[in-house]
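Just follow the structure's listing: the first ligand is 1, and inside any ligand the first atom is 1. Worth saying up front: this structure is predicted, and the values here are computed from it rather than measured.
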Amino acid sequence: MEPIQLVDLKNQYLKIKDEIDAKVIEILESTRYIGGPEVTGFQDELQEYFKVKHIIPCANGTDALQIALMSQDLQPGDEVITPSFTYISTTEVVSLLGLVPIFADVKPDTFNIDIDDLRKKITPNTKAIIPVHLYGQCADMDPIMELASEYNLPVIEDTAQAIGAEYTHADGRVSKAGTIGQIGTTSFFPSKNLGGFGDGGALMTNDDEIAAKLRLVANHGQSRRYYHDVIGVNSRLDAIQAGILRIKLRHLDEYIKARQWAANEYNKAFSSADNITTPFVAKNTTHVYHQYTLKLTGVDREELMQHLAHNGIPSNIYYPLANHKQEAFTADFGNTSLPITEQLSKEVLSLPIHTELSQEQINHITSHILKF
Ligand SMILES: *Cc1c(COP(=O)(O)O)cnc(C)c1O
């Protein structure tokens, strides 16, 4: 059996090595390292994949969130509501721009933002909402969009973990995660479901005006060269990443299926284990399993992780400390209480999930967990 890894990028690469290597050499020889046909080609192909009007590539998923907020004419002190149970990127950019993150709790089953708590957190200072499609399934977007339009708030979907996930609206329409709010953001960090060989990210929108603003902000605020209309940032997807991502995008649906197969195998194995709750998938969304995350009750999580490590099985906790508990934020958020988020931080455990898992590896993992 091959050694088990949390994410196996090597074997995934080897399957498309010839094509990737040829593309990288072609780009090296072209000397078009910034911009050019690979970047515009990837942009067009990703637009088609998402069925969205505009894709704006950028340097990484954190930049994408920052650029999205910078496009919204927000003032220092304005409040942005996000979950606390997410990667730091989602909330870090809010603070970085002098805005105030207001944390909403999540649902104990889907790990995604709780619409009732979201509603309670809205004040006259609220200026945007950032739902996160955590671990790979969509937050419940219909009620979020309804609430947002009631208060006239833009919605920025953090889709870094859910590229390719689909949400079925109440009226039966199906949308890709990231294309429902005013702006969607995503990441091509190597371990993401569509990962480059370095950093990368993108924004998406169906609104022409917002798209123009996002492009402006991502490109030093310049509408034409050396004329700067607003203060922007320098955030580009480079041509080598774009070239690699074009190839990998053609495999994305097959990658998602491989993750879903592995998740299903895990689910079957754990179906009769009382102290393990396998991922709950809401009816109106697919799950693309960026993470396969269990909830453990009455199990010593640290001991289990050590037992697994001794048997060659890596595991990880996403996230052991919620954002509102982070040192960086405590000055402002010492009084915030998010009971579900705090409980989940103690209970969750993520298992190896990627496109290259074999039945034998899954059996090895599940049998060691069940034995423990
Ligand atoms: C990975 C991730 C990001 C940031 O992506 P980078 O490309 O690493 O900057 C943002 N939000 C979430 C939820 C993520 O998982």
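Near Asn60, meaning under 4.0 Å from one of its heavy atoms, ligand 1 places the atoms 7 (O), 9 (O). Residue Thr62 has at least one heavy-atom neighbour below 4.0 Å for each of these atoms of ligand 1: 4 (C), 5 (O), 6 (P), 9 (O). In summary, the atoms of ligand 1 found under 4.0 Å from a heavy atom of Ser187, numbered by their order in the structure, are 5 (O), 6 (P), 7 (O).
Partner of Gln66 under the side chain to side chain contact (heavy atoms under 4.5 Å, CB included) criterion, chosen from Val94, Val217, Val93: Val93. Just one of Asp158, Asn323, Ile156 meets the side chain to side chain contact (heavy atoms under 4.5 Å, CB included) condition when paired with Thr90; it is Asp158.
A salt bridge does not link Glu254 with Lys15: every distance from a Lys NZ or Arg NE/NH1/NH2 to an Asp or Glu carboxylate oxygen is 4.0 Å or more.
Any N or O atom pair closer than 3.5 Å counts here, and Asp63 shares no such pair with ligand 1. The shortest N or O to N or O distance between Tyr87 and ligand 1 is not under 3.5 Å. At under 3.5 Å, not a single nitrogen or oxygen of Asp199, backbone or side chain, sits near a nitrogen or oxygen of ligand 1. Residue Gly61 places at least one N or O, backbone or side chain, under 3.5 Å from an N or O of ligand 1.
Considering all non-hydrogen atoms of both residues, Leu237 and Ala242 come closest at CD2-CB, 3.9 Å. Taking each heavy atom of Leu147 and Leu118 in turn, the nearest pair found is CD2-CG, 3.8 Å.
Residue Lys192 places a heavy atom under 4.0 Å from ligand 1.
Here the protein heavy atom with the shortest distance to atom 10 (C) of ligand 1 is Ser89 CB, 3.5 Å. In this structure, atom 15 (O) of ligand 1 lies nearest to the protein heavy atom Gln161 NE2, 2.8 Å.
Defined by atom type and a distance below 3.5 Å, a donor-acceptor pair is present between the side-chain atoms of Ser89 and Thr62.
Residue-environment remark: OH (Tyr87) stays at or below the threshold of 12 foreign heavy atoms within 6.0 Å.
Aromatic pair Phe42/Phe188: ring centres closer than 6.0 Å.
One option in Thr82, Thr86, Asp158 has a heavy atom closer to atom 11 (N) of ligand 1 than any other, and that option is Asp158.
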